[in-house]
Amino acid sequence: MKITLLTGKTFDIKEELGIDIKVVPSRSLHKLVLKIDNKERIPVLSVPKFCSRRRAVSFVNENMGWIMTTMAKLPPIKEFENGEKISLFGENVVIAHSPDARCGVRKENDLLIVSGGAEFLHRRVRDFIKKQAKTVLLSESVSMAQKIGCKVNDVTIKDTKSRWGSCSGLGNINYSWRIALAPSYVIKYLVAHEVSHLLHQDHSSDFWKCVEELYPEWKNGHDWLKKYGKTLYKYK
Ligand SMILES: [Zn+2]
């Protein structure tokens, strides 16, 4: 990762440190600040405007023990497993590993049949969900947008944990694939939220009026995401 500091210098200390770390230049800070991003599971170093690369590296090294202990305390991440029950776009399905089925991943009633070796099960399930998410969320977004006279250009499914969705002024909406695992009223709220950004780029009262118009039960979804959203980050 290369970061251009505000001083114009290029800052890349990942290799020197031998760990994955995010470096964020800060305009307002006067000292180095180290935090752990719990969602992305990565240390984040905020670097003030005037700071040498040597100082930054030694600061992280001084705090390496703290980084390791704090990272070790993060809740474990998990993979999808055979027999696991998940909510997929609001529908309960059970992951059924069937090594010889030769079907890739196929949904049959309440079963999600996954073929191939066990070592590929997680990746296969995740890829399937991502693909489905693209189709489902694109069509939901397009139909909600129509109600307010807006057009969706495209929907992209992302892996980020920093936000559930985002919307550019050009009609492009991004969603995190993990939202597919939330109850359907939560998904509807998120779509209503992002689609409303097509009209309002802020979170003004007009924006929330638009969300309300698109999905009157939005509040439950909003509260669920705040309270339980992080439980979906456990998936790798
Ligand atoms: Zn928003």
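From a predicted model like this one, the values you see are computed outputs, not experimental measurements. We count ligands from 1, going down the list as the structure has it; atoms in each ligand are counted the same way.
The Zn ion (ligand 1) does not have C167 among its coordinating residues (no N/O/S atom, backbone or side chain, under 2.8 Å).
Remark: R106 engages E108 in a salt bridge, criterion side-chain N to carboxylate O under 4.0 Å. Using a 4.0 Å cut-off between a side-chain N of Lys or Arg and a carboxylate O of Asp or Glu, K236 and E79 qualify as a salt bridge.
Other residues, nucleotides and ligands place more than 12 heavy atoms under 6.0 Å from the CZ atom of R41.
Note on H203: its N/O/S atom closest to the Zn ion (ligand 1) is NE2.
N172 and D154 share no side-chain donor-acceptor pair at under 3.5 Å.
The angle that H193 NE2 and H197 NE2 make at the Zn ion (ligand 1), rounded to 10°, works out to 100°.
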